[in-house]
Amino acid sequence: MPNRSLANTLSRAATWPAEAQAELAAYAAEIEAAIAAGEYTPSDAELAGIDRGLADARVGHVATPEQLAATFARHRPA
């Protein structure tokens with residue numbers, strides 16, 4: 001197992017009561033299903049950035065086509 005913390009937790013979990021083991025297994029199944037479905041939960045910082053972008057768009061703070069073209073010209077490989 002690449003993550004020692006995970007391996008240690010799973011080792012300790014083997015001594016937990018059956019109800020706690022079942023709860024851990026249910027959480028693991030949820031995580032596995034989300035990974036398989038390609039779902040992603042953004043961090044608080046990412047959510048804040050999304051909110052800032054949406055707020056800017058609502059008040060019309062958007063780049064012009066010329067500004068976009070200039071940005072792409074600067075950052076695209078030659």
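In what follows, residues are counted from 1 in the order of the sequence shown. Bear in mind the structure is a predicted one, so any value in this text is a computation, not a measurement.
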Side-chain donor-acceptor contacts of residues 66-74 below 3.5 Å, not counting sequence neighbours, with atom names and distances?
| residue | atom | partner | partner atom | Å |
| --- | --- | --- | --- | --- |
| E66 | OE1 | T64 | OG1 | 3.4 |
| Q67 | OE1 | T64 | N | 2.7 |
| Q67 | OE1 | T64 | OG1 | 3.3 |
| T71 | OG1 | Q67 | O | 3.0 |
| T71 | OG1 | R74 | NH2 | 3.4 |

Discussion item. Restricting to side chain to side chain contact (heavy atoms under 4.5 Å, CB included), what partner residues turn up for A22, sequence neighbours left out?
Written reply: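 Checked A22 against side chain to side chain contact (heavy atoms under 4.5 Å, CB included); zero matches.
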Worksheet entry | Non-neighbouring partners of P65 that pass side chain to side chain contact (heavy atoms under 4.5 Å, CB included), sequence neighbours left out |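 Side chain to side chain contact (heavy atoms under 4.5 Å, CB included) check on P65 returns nothing, list empty.
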Discussion item. According to side-chain hydrogen bond (donor to acceptor under 3.5 Å, both in side chains), who are the partners of S5, at least two apart in sequence or on a separate chain?
Written reply: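 So S5 forms no side-chain hydrogen bond (donor to acceptor under 3.5 Å, both in side chains) with any residue.
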Item to complete: Give, for atom CG of L24 and atom CG of L10, the distance between the pair rounded to the nearest 0.5 Å.
Response: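 Answer for the CG-CG pair, L24 versus L10, is 6.5 Å.
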Worksheet item: Should side-chain heavy atoms under 4.5 Å link Ile, Leu, Val, Met, Phe, Trp and Tyr, which residues sit in the same cluster as V62?
Response: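 The other cluster members (ILVMFWY side chains, heavy atoms under 4.5 Å, direct or chained): none.
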Without placing hydrogens or testing angles, list every side-chain donor-acceptor pair under 3.5 Å for residues 27-42, not counting sequence neighbours.
| residue | atom | partner | partner atom | Å |
| --- | --- | --- | --- | --- |
| Y27 | OH | E23 | OE2 | 3.1 |
| Y40 | OH | E46 | OE1 | 2.8 |
| Y40 | OH | E46 | OE2 | 3.1 |

Side-chain atoms of residues 51-59: list all donor-acceptor pairs with protein atoms under 3.5 Å, sequence neighbours left out, distances to 0.1 Å.
none

